Amino acid sequence: MVKILIHGGAGDIRSEERKQLTGNVTYDIVGEIYDQLYSGMSALDAVQEAVRMMEDHPTFNAGLGSVMTEDGEIEMDALIIDGKTRKMGGVIGVSKVKNPILLSRKILDHKHILFFGEGAHQFAQQNGIDLIDPNKLITDRIRQRLANYLKSRSADYVDPEGRKYGTVGAVALDNQGNLAAATSTGGTLGKMKGRVGDTPIIGAGTYADQDIAASATGVGEYIMQSMICLQVKYNLIRARNNLYEATQVALDDANRDFGPMGVIVMTTDGQWTASHTTPDLIWAYKDDSEHKSFTREE
Ligand code: ASP
């Protein structure tokens with residue numbers, strides 16, 4: 001049985017319109033990817049393609065529509081992992097590529113695992129990925145959100161859209177029984193230049209092996225310190241292989257020690273969960289009997 005589960009960020013989504021939009025977009029994306037998985041696509045290609053589609057959609061905080069640093073710059077992070085081979089590829093602080101996940105995938109086939117900044121851009125050029133002007137990734141909506149944030153700069157600032165993060169991620173199980181995970185982000189709105197979040201940190205924001213695949217979202221500092229993806233894997237044994245319970249315990253511990261977040265997880269034996277301690281998590285799922293998103297079920 002093939003399965004695809006994706007997320008479009010955790011947080012507190014105040015606008016009903018944005019809830020409906022993200023619920024519909026993610027619902028459609030899992031529909032498309034499911035068909036391809038069903039026809040034999042690998043889990044690795046499926047998570048890459050799902051994340052690429054969300055990077056290209058301006059509503060998410062990844063690729064086009066990424067949030068900016070306090071200096072108004074783009075610094076994107078991404079990571080992709082093949083559960084079967086444990087190969088991985090990721091980027092940190094890139095600004096000149098349209099799809100950080102496609103660059104990450106090229107890196108996965110290379111001897112190095114992670115590239116940052118200009119070195120990542122150079123690797124992209126050497127491997128057939130065109131460099132772009134970072135301004136092309138900035139949308140008017142994000143310019144406005146940064147301006148609002150800078151005006152009322154404080155930890156308590158509440159974005160009129162809600163406190164939300166919009167990172168994108170995917171986990172999938174293919175018809176060979178293999179898992180994969182991928183995550184891509186612009187980071188957090190108004191972050192300092194050079195700040196790195198959890199997304200490209202193995203076992204924190206993204207993880208996959210032959211048993212489990214996971215992708216997290218929320219404040220990267222909380223996620224890195226709690227190593228949430230790996231923590232769920234450890235908890236599986238304690239929870240007698242009950243994925244939902246293992247994930248809840250990991251999230252509750254992380255919430256108590258650091259703060260709220262969201263995570264999507266899938267196991268080789270077919271369990272899956274989209275769990276969160278934030279008020280909301282944008283997610284969608286499809287297998288051969290269920291097709292749903294956090295706002296929609298048909
Ligand atoms: N986790 C991301 C980061 O801290 C943000 C997000 O999930 O939207 O970079």
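Being a predicted model, the structure only gives us computed values, none of them experimental. Side chains included, hydrogens not; waters and symmetry mates left out as well; all remaining heavy atoms used.
Minimum interatomic distance between Pro200 and Val91 (heavy atoms only, all atoms of both residues): CB-O, 3.8 Å. Ser215 and Gly169 make their closest contact through OG-CA, 3.4 Å (heavy atoms, listed as atom of the first residue, atom of the second, distance). Taking all atoms of both residues into account, the shortest heavy-atom contact from Val263 to Ala214 is CG2-CB, 4.4 Å. Closest approach of Leu281 to Ser275, counting heavy atoms only: CD2-O, 3.8 Å. Between Ala239 and Ala246 the shortest heavy-atom distance is CB-N, 3.8 Å. The minimum heavy-atom distance between Asp82 and Ala180, with the atom names listed, is CA-CB, 4.5 Å.
Atom CZ of Arg296 is surrounded by more than 12 heavy atoms from other residues, nucleotides or ligands within 6.0 Å. Annotation: Phe116, atom CZ; neighbour count of heavy atoms from other residues, nucleotides and ligands within 6.0 Å does not exceed 12.
Every side-chain contact (heavy atoms from CB on, under 4.5 Å) that Thr267 has, sequence neighbours left out, goes to Ile212, Leu236, Leu243, Asp269, Gln271. For Lys286, there are no salt bridge (charged side-chain N to carboxylate O under 4.0 Å, His left out) partners two or more places apart in sequence or in a different chain. For Lys98, the salt bridge (charged side-chain N to carboxylate O under 4.0 Å, His left out) partners at least two apart in sequence or on another chain are Asp56. For Leu64, the side-chain contact (heavy atoms from CB on, under 4.5 Å) partners at least two apart in sequence or on another chain are Pro58, Thr139.
With contacts defined as side-chain heavy-atom distances shorter than 4.5 Å, the pair Thr59/Arg18 qualifies. Taking 4.5 Å as the limit, every side-chain heavy atom of Ile80 sits out of range of all side-chain heavy atoms of Met88. Under the 4.5 Å side-chain criterion, counting only non-hydrogen atoms from C-beta, Ile6 is in contact with Ile29. At least one side-chain heavy atom of Val67 sits under 4.5 Å from a side-chain heavy atom of Arg145. Side-chain atoms of Val249 and Val232, non-hydrogen and from C-beta on, never get closer than 4.5 Å to each other. Looking at heavy atoms from C-beta onward, Val51 lies out of side-chain contact with Thr183 at the 4.5 angstrom threshold. Counting heavy atoms from C-beta outward, Thr268 and Gln210 have side chains that stay 4.5 Å or more apart. Proximity of Phe258 to Glu221: side-chain heavy atoms (C-beta onward) are nowhere separated by under 4.5 Å.
Put simply, OG1 on Thr247 and CD on Gln231 are 11.0 Å apart, with the number rounded to the nearest 0.5 Å. With rounding to the nearest 0.5 angstrom, the OG1 atom of Thr22 is 3.5 Å from the CD1 atom of Ile282. Here the CG atom belonging to Leu21 is positioned 9.0 Å from the OG1 atom belonging to Thr26, to the nearest 0.5 angstrom. Rounded to the nearest 0.5 angstrom, Thr199 OG1 and Ile101 CD1 are separated by 9.5 Å.
Defined by atom type and a distance below 3.5 Å, a donor-acceptor pair is present between the side-chain atoms of Gln20 and Glu16. Between the side chains of Tyr285 and Lys3, at least one donor N or O lies within less than 3.5 Å of an accepting N or O. A side-chain N or O of Ser184 and one of Glu55 form a donor-acceptor pair less than 3.5 Å apart. With hydrogens and angles left out, the side-chain atoms of Gln144 and Asn148 include a donor and acceptor closer than 3.5 Å.
A side-chain donor-acceptor contact under 3.5 Å links Glu75 to the backbone of Gly194. At least one donor-acceptor pair closer than 3.5 Å links the side chain of Ser293 to the backbone N or O of Gly23. In this structure, the side chain of Lys96 does not engage the main chain of Gly117 through any donor-acceptor pair within 3.5 Å. Checking side-chain atoms of Asn178 against main-chain N and O of Asp174 turns up no donor-acceptor pair under 3.5 Å.
The side-chain hydrogen bond (donor to acceptor under 3.5 Å, both in side chains) analysis of residues 31-41, with sequence neighbours excluded, yields no pairs. Sorted pairs that involve residues 107-117 and meet side-chain hydrogen bond (donor to acceptor under 3.5 Å, both in side chains), not counting sequence neighbours, are lacking altogether.
With Thr185 as the fixed residue, the side-chain hydrogen bond (donor to acceptor under 3.5 Å, both in side chains) test singles out one of Thr167, Thr217, Asp198: Thr167. Considering Met53, Arg52, Met54 as possible partners of Val168, the one that fulfils the side chain to side chain contact (heavy atoms under 4.5 Å, CB included) test is Met54.
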Inset, instruction - Apply side chain to side chain contact (heavy atoms under 4.5 Å, CB included) to the pair Leu189 and Met68, showing each step before the final yes or no. - result: CA-CA 6 Å; Leu189 181 68; Met68 290 183 277; 5.7 Å; no

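A continuous path of Ile, Leu, Val, Met, Phe, Trp and Tyr side chains, each step under 4.5 Å between heavy atoms, connects Trp272 with Leu173, placing both in one hydrophobic cluster. The hydrophobic cluster containing Met192 does not contain Met224, counting ILVMFWY residues as joined when their side-chain heavy atoms lie under 4.5 angstrom apart, directly or transitively. The hydrophobic clustering, which links ILVMFWY residues whose side-chain heavy atoms are closer than 4.5 Å, places Tyr234 and Tyr222 together. A single hydrophobic cluster is seen to contain both Ile74 and Leu131, as judged by linkage of ILVMFWY side chains at heavy-atom distances under 4.5 Å, directly or through other members.
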